[in-house]
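In what follows, chains carry the letters A, B, and so on, assigned in the order in which the sequence lines appear, proteins first and then strands, with residues in each chain numbered from 1.
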There are 2 protein chains.
Amino acid sequence: MAVALIATESQLGRSGNDRTITRPSLLKELMARGVRMTSQRRLLVGIMQDSPSHLDAAKLLAIARQRDPRVDRATVYRTIALLKGRGLIDELDLMHLEGEKHYYEAKTSQDHCHMACFGCGAIIEYASPAFEHLKKEMAKQGDFQIRVVRLEVGGYCKTCAQRGGRQ
Amino acid sequence: MAVALIATESQLGRSGNDRTITRPSLLKELMARGVRMTSQRRLLVGIMQDSPSHLDAAKLLAIARQRDPRVDRATVYRTIALLKGRGLIDELDLMHLEGEKHYYEAKTSQDHCHMACFGCGAIIEYASPAFEHLKKEMAKQGDFQIRVVRLEVGGYCKTCAQRGGRQ
DNA sequence: ATATGTGCAAATCTTTTGCAAATTC
DNA sequence: GAATTTGCAAAAGATTTGCACATAT
C-alpha cells in the first residue's frame, strides 16, 4: 500500500477508508472561511482542484485563459498566495527538474512525498504510515506545531536506474 | 537524541559515534573527484564548509568578497551548481520565510529535516532513525534510487505557539 | 456604498549566459 | 599550450507591486 493513489472526493464513487487519500474541496474550504468569491477565483481554484498534474503559475494561467482570456498573471499569483496562506495548497519544487519555478497542488487528506526522477522526469507520489509517524515524532520531540510538510526526493526510478546503470 | 547536533569532522575532538552527524570535507571530496581547484573555488567552498548557518547565494558572495573583492556573482552560482551536481551540498527553501531564494549547506553524514518557524523565523534541524527508516522504505517500496532528500516543515516553534496562541 | 479584487505595465529579485581575458594543469 | 574558469554586462525567468477601474457583498 506504500505507493499512494490520490483521488478527489468527487472522483471516488465510494467513501474512502483511512488509507484512501482524498482532496477536500478548495471552493468549499474558502467559502467556509468567509473568503469573497469572484469568477476568477472560482475558475482558478477549480483548475487547481481538478488538475491531475502539478501546476506551475504559468501553466495555471494558460489553462485559465482558455476559459477566460482576461485572466492576468498577477491574479494567478495573488490567488496562489491566498490559497497558500490558508493552507489549502502545497508548494513544491519537484527538484527543479525544469527550472526554478514552483508547482502547486491541492492539499490532500494525508501528506505524501514526491520522488522526482533525474533520468526521465517522472514524478512519483508516495505516502505511508512511516511518514505519518515521522511527522508525529517531529512535532513531539521537536516541540513544533506543524502546519506544512514538504518531503521531496531526487534520484532514479526503477527503469532509469536499470537503463543508465546509475546507482 | 531526536534533535540533532551537527558538527564538522574537524570541530569534533573525538571520533563521532553513529549518532553524531558530521560534515565531510567539501574540498577533499572535490579533489578526490579530480575537480580542478582554483583560488575562488577554495574560497567559496571553504565558506560553505565552515558556515554555521544556511547561506544563500547573495550572502555567500558578500562573505567571499570580504576576502577577495574580485569574486563575481556568476562564479558563486557556478560553484553552487558544481557542488550541487556532485551531490556535495543540499539546497533548501526554508519555507521561503524571507523571499524566493535558495539556501545551501554542506551535505551531512546523516540527512536531517529543517523546521522553519513562521513566528520567529527560527530554523530547527532534526534528525532521527524514523527519518532514516522512511528513506529506506521509500527506496524499497517505491523502487527508487535516492540521491537527494529534502524534508522541510513549516509551523510554530514552542515559544511562538505559546505566545501567539496559534495552533 | 464600501471594501475588496483585477488588469496593466513596470519594477524587483534571483539566476543564467555569451564572450574575451585570466588561470590551472 | 590546451582546456577550463572567471569577470563583466546583459538577458532571462519568476514573482511582486502601484494604481485606476471593476466587482462582490
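Taking only side-chain nitrogens and oxygens, Ser39(A) never comes nearer than 4.0 Å to OP1 or OP2 of dT23(D). Under 4.0 angstrom from either OP1 or OP2 of dT16(D) there lies no side-chain N or O belonging to Tyr77(A). OP1 or OP2 of dT15(D) has at least one side-chain nitrogen or oxygen of His102(A) nearer than 4.0 Å. The shortest distance between the side-chain N/O atoms of Thr38(B) and the OP1/OP2 oxygens of dT4(D) is not below 4.0 Å.
The closest side-chain heavy-atom distance from Ser51(A) to Tyr104(A) is not below 4.5 Å. Taking 4.5 Å as the limit, every side-chain heavy atom of His112(A) sits out of range of all side-chain heavy atoms of Tyr126(A). With a 4.5 Å cut-off on side-chain heavy atoms, Val153(B) and Val148(A) do not count as touching. Two residues are said to be in side-chain contact when any heavy atoms from C-beta on lie closer than 4.5 Å; Leu151(B) and Met138(A) meet this criterion.
Between Arg70(B) atom CZ and dT5(D) atom P there is a gap of 17 Å when expressed in whole angstrom units. Put simply, CD1 on Ile80(A) is 12 Å from P on dA14(D), counting in whole angstrom units. What separates CD of Glu98(B) from P of dT16(D) is a distance of 15 Å, to the nearest Å. In this structure, the CZ atom of Arg42(B) is 11 Å from the P atom of dT6(D), given to the nearest Å. Distance Tyr103(A) OH to dT15(D) P: 10 Å, rounded to the nearest Å. Between the CG atom of Asp68(A) and the C1' atom of dG7(C) there is a distance of 12 Å, given to the nearest Å. Per the geometry, CE belonging to Met37(A) stands 22 Å off P belonging to dA22(D), to the nearest Å. If you take NZ of Lys101(A) and C1' of dT16(D), they are 19 Å apart, rounded to a whole angstrom.
Between Gln40(B) and Glu100(B), it is Gln40(B) whose nearest contact on DNA chain D lies nearer the 5' terminus. Comparing Ala57(B) and Val71(A) by the nucleotide of DNA chain C that holds the closest heavy atom to each, the one mapping nearer the 5' end is Val71(A). Residue Leu82(B) is the one, among Arg73(A) and Leu82(B), whose nearest nucleotide of DNA chain D lies closer to the 5' end (criterion: closest heavy atom).
Contact annotation for Arg41(A): backbone-only contact, meaning every heavy-atom pair under 4.0 Å involves sugar-phosphate atoms and none involves a base. Using a 4.0 Å heavy-atom cutoff across all strands shown, Arg78(B) reaches at least one base atom of the nucleic acid. Counting non-hydrogen atoms under 4.0 angstrom, Ala58(B) reaches nothing in the nucleic acid.
Remark: Met31(B) CE is loosely packed, at most 12 non-hydrogen atoms of other residues, nucleotides or ligands lying under 6.0 Å away.
We find the CD-OG distance between Gln110(A) and Ser128(A) to be 8.0 Å, quoted to the nearest 0.5 Å.
A ring-centre distance under 6.0 Å is found for His102(A) and His96(B).
Side-chain atoms of Arg36(B) come within donor-acceptor range of the base of dT24(C), with a qualifying N/O pair under 3.5 Å.
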Go through His133(B) and His133(A) one step at a time and tell me if the ring-ring contact (aromatic ring centres under 6.0 Å, His included) criterion holds.
-> CA-CA 11 Å; His133(B) 173 261; His133(A) 173 261; 8.0 Å; no

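Overall, the helix from dA1(C)-dT25(D) to dC25(C)-dG1(D) carries an axis bend of 40° between its ends, with five pairs at each end and the value rounded to 10°.
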